[in-house]
Amino acid sequence: MSETATAAGSGANATATFARKERTGAAADPARVSAIATDTLQALHEIIRKHELTYAEYDALKAWLIQVGADGEWPLFLDVFVEHVVEEVANADRRGAVGTIEGPYYVPGAPVIESGSAMPMRPDEKGTPLLFQGTVTDLDGTPVAGATVDLWHADDEGYYSQFAPGIPEWNLRAVVHTGADGRFAFHTMQPAPYQIPTDGSTGAFITAAGWHPWRPAHLHLKVSAPGKQLVTTQLYFDGGDYVTDDVAQAVKPELVLRPGPAADGTGNEVTYDFALDPA
Ligand code: DHB
Ligand code: FE
């Protein structure tokens, strides 16, 4: 491994990125806040009774909660262990493309590249080349021209640009707009599985529970068009490590790719289409 990503680095960066995120529409109604807070606290009280939590364990919990904040790891922790249920509830009525969690490593404003060209990458970017292509349509299958396909993913060592040291700013992050036929294509490098940083408080939690800290290799996408619902999703690779055992529980059967050898003989290619729900 050429660089060592530290939890302190990626955690703090994820917190800074979250602080810049535009956030609207949170509940302001005191009755709703009270109902959710009451149920949350009652669930916690029940767990304490059920497991007869000791004072030593209560103190360990307080110390750990303080440390997660100090490490800047709340975005990591919540996106791994909680976001998948928020996504399930938010997108329950969707009929088109299937979504999943966004995770903590999206950065808006990636360079716009020509469809069919290469993602920003290092001249010696490691890995298996991948041609990722498809068509954006509406629910009836009519191609959507001018749709935005925003792709970001980890490199062949499982690290994300802007969150691990030593990687160029927009490496393996790009936006493509679909043509008149609704088609898009990216040339990229297949990502590796992603390991939750084990040197921070989220890693300490996973180790203490005896779990593994891995997510399967994945592509992240946001696909949108005027008059359509934006879909945030991820795509996985059939047969890859952790596809059936994702620590973030974000894999869905519809999101598993089956790439084949590329027609031009370099690496793999795969086609995946997105049907967008009306806004
Ligand atoms: C986390 C990282 C990811 O790459 C992802 O897709 C989801 C969550 C995380 O570390 O929280
Ligand atoms: Fe990810």
Side-chain angles (χ1 to χ4, degrees), residues 3-19 21 64 67-69 71-88 90-91 98-108 110 119 127 130 132 149-165 167 170-174 186 188-207 209 211-223 231-237 240-252 255-257 272:
E3 294 283 348
T4 303
T6 61
S10 41
N13 281 340
T15 292
T17 298
F18 180 74
K21 181 175 177 177
W64 178 79
Q67 195 60 43
V68 178
D71 290 346
E73 284 199 28
W74 280 117
L76 275 79
F77 182 85
L78 292 168
D79 292 351
V80 169
F81 292 110
V82 180
E83 188 188 354
H84 68 100
V85 186
V86 180
E87 191 279 331
E88 173 192 313
N91 294 331
V98 171
T100 192
I101 65 171
E102 175 172 325
Y105 299 143
Y106 175 65
V107 184
M119 301 272 279
L130 177 71
F132 172 69
V149 183
D150 196 334
L151 173 67
W152 75 102
H153 63 83
D155 67 13
D156 186 53
E157 295 186 331
Y159 295 131
Y160 286 85
S161 59
Q162 302 191 38
F163 296 91
I167 304 176
W170 294 105
N171 212 60
L172 303 177
R173 297 175 182 272
F186 296 84
T188 190
M189 287 289 176
Q190 269 182 229
Y194 165 85
Q195 185 179 23
I196 310 293
T198 49
D199 52 345
S201 39
T202 306
F205 168 86
I206 291 169
T207 304
W211 301 339
H212 76 71
W214 291 93
R215 299 213 58 225
H218 54 277
L219 305 176
H220 285 272
L221 290 129
K222 283 181 182 285
V223 182
V231 61
T232 299
T233 196
Q234 302 184 14
L235 297 171
Y236 307 91
F237 296 88
D241 290 343
Y242 312 108
V243 170
T244 56
D245 188 23
D246 176 11
V247 67
Q249 295 179 250
V251 180
K252 303 179 186 183
L255 302 178
V256 180
L257 299 171
Y272 192 89

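Here the structure is a predicted model, which is why all the values come from computation and not from measurement. When a ligand or atom number is given, it counts from 1 through the structure's own listing order.
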Do [X] and [Y] have side chains that get closer than 4.5 Å, going by heavy atoms?
| X | Y | result |
| --- | --- | --- |
| His220 | Tyr106 | no |
| Phe18 | Trp74 | no |
| Phe237 | Leu257 | yes |
| Leu219 | Leu130 | yes |

Determine whether a donor-acceptor pair (N or O, by modelled atom type, separation under 3.5 Å) exists between the side chain of [X] and the backbone of [Y].
| X | Y | value |
| --- | --- | --- |
| Asp71 | Gly200 | no |
| Thr188 | Met119 | no |
| Glu73 | Thr202 | yes |

With a cut-off of 2.8 Å, does Tyr105 place any N/O/S atom under that distance from the Fe ion (ligand 2)?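 It does not: Tyr105 brings no N, O or S atom closer than 2.8 Å to the Fe ion (ligand 2).
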N, O or S atom of His153 closer to the Fe ion (ligand 2) than 2.8 Å: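 No N, O or S atom of His153 is closer than 2.8 Å to the Fe ion (ligand 2), so no.
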Numbered atoms of ligand 1 (with element) below 4.0 Å of [X], judged on heavy atoms:
| X | result |
| --- | --- |
| Arg215 | 5 (C), 6 (O), 7 (C) |
| Ile101 | 7 (C) |
| His218 | 4 (O), 6 (O) |
| Val80 | 1 (C), 8 (C), 9 (C), 10 (O), 11 (O) |
| Leu76 | 9 (C), 10 (O), 11 (O) |
| Tyr160 | 4 (O) |
| Pro104 | 1 (C), 2 (C), 7 (C), 8 (C), 9 (C), 11 (O) |
| Ile196 | 10 (O) |

What do you reckon, does [X] put a non-hydrogen atom under 4.0 Å from ligand 1?
| X | result |
| --- | --- |
| Glu83 | no |
| Glu102 | no |
| Ala248 | no |

Restricting to non-hydrogen atoms, name the atom on Thr15 and the atom on Pro75 that form the minimum distance, rounded to 0.1 Å.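 Looking at all heavy atoms of both residues, the shortest contact is OG1-CD, 3.4 Å.
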Taking the ring centre of each residue, are Trp152 and Tyr160 less than 6.0 Å apart?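 Centroid distance Trp152-Tyr160: not below 6.0 Å, so no.
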Tyr194 versus ligand 1: do any nitrogen or oxygen atoms come within less than 3.5 Å of each other?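 Right, the criterion is met.
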To 10°, measure the NE2(His218)-the Fe ion (ligand 2)-OH(Tyr160) angle for me.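 It rounds to 90°.
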Taking atom types as modelled, find out whether Tyr236 and Gln234 have a side-chain donor-acceptor pair closer than 3.5 angstrom.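 Yes.
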Arg215 and side-chain hydrogen bond (donor to acceptor under 3.5 Å, both in side chains): which single residue from Asp241, Asp245, Asp246 fits?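 Of the listed residues Asp241, Asp245, Asp246, the side-chain hydrogen bond (donor to acceptor under 3.5 Å, both in side chains) partner of Arg215 is Asp246.
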From the N, O or S atoms in His220, identify the one nearest to the Fe ion (ligand 2).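 It is NE2, the N, O or S atom of His220 closest to the Fe ion (ligand 2).
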Could you see which bit of Tyr105 sits under 4.0 Å from ligand 1, with heavy atoms only: side chain, backbone, both or neither?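 The answer is the side chain of Tyr105.
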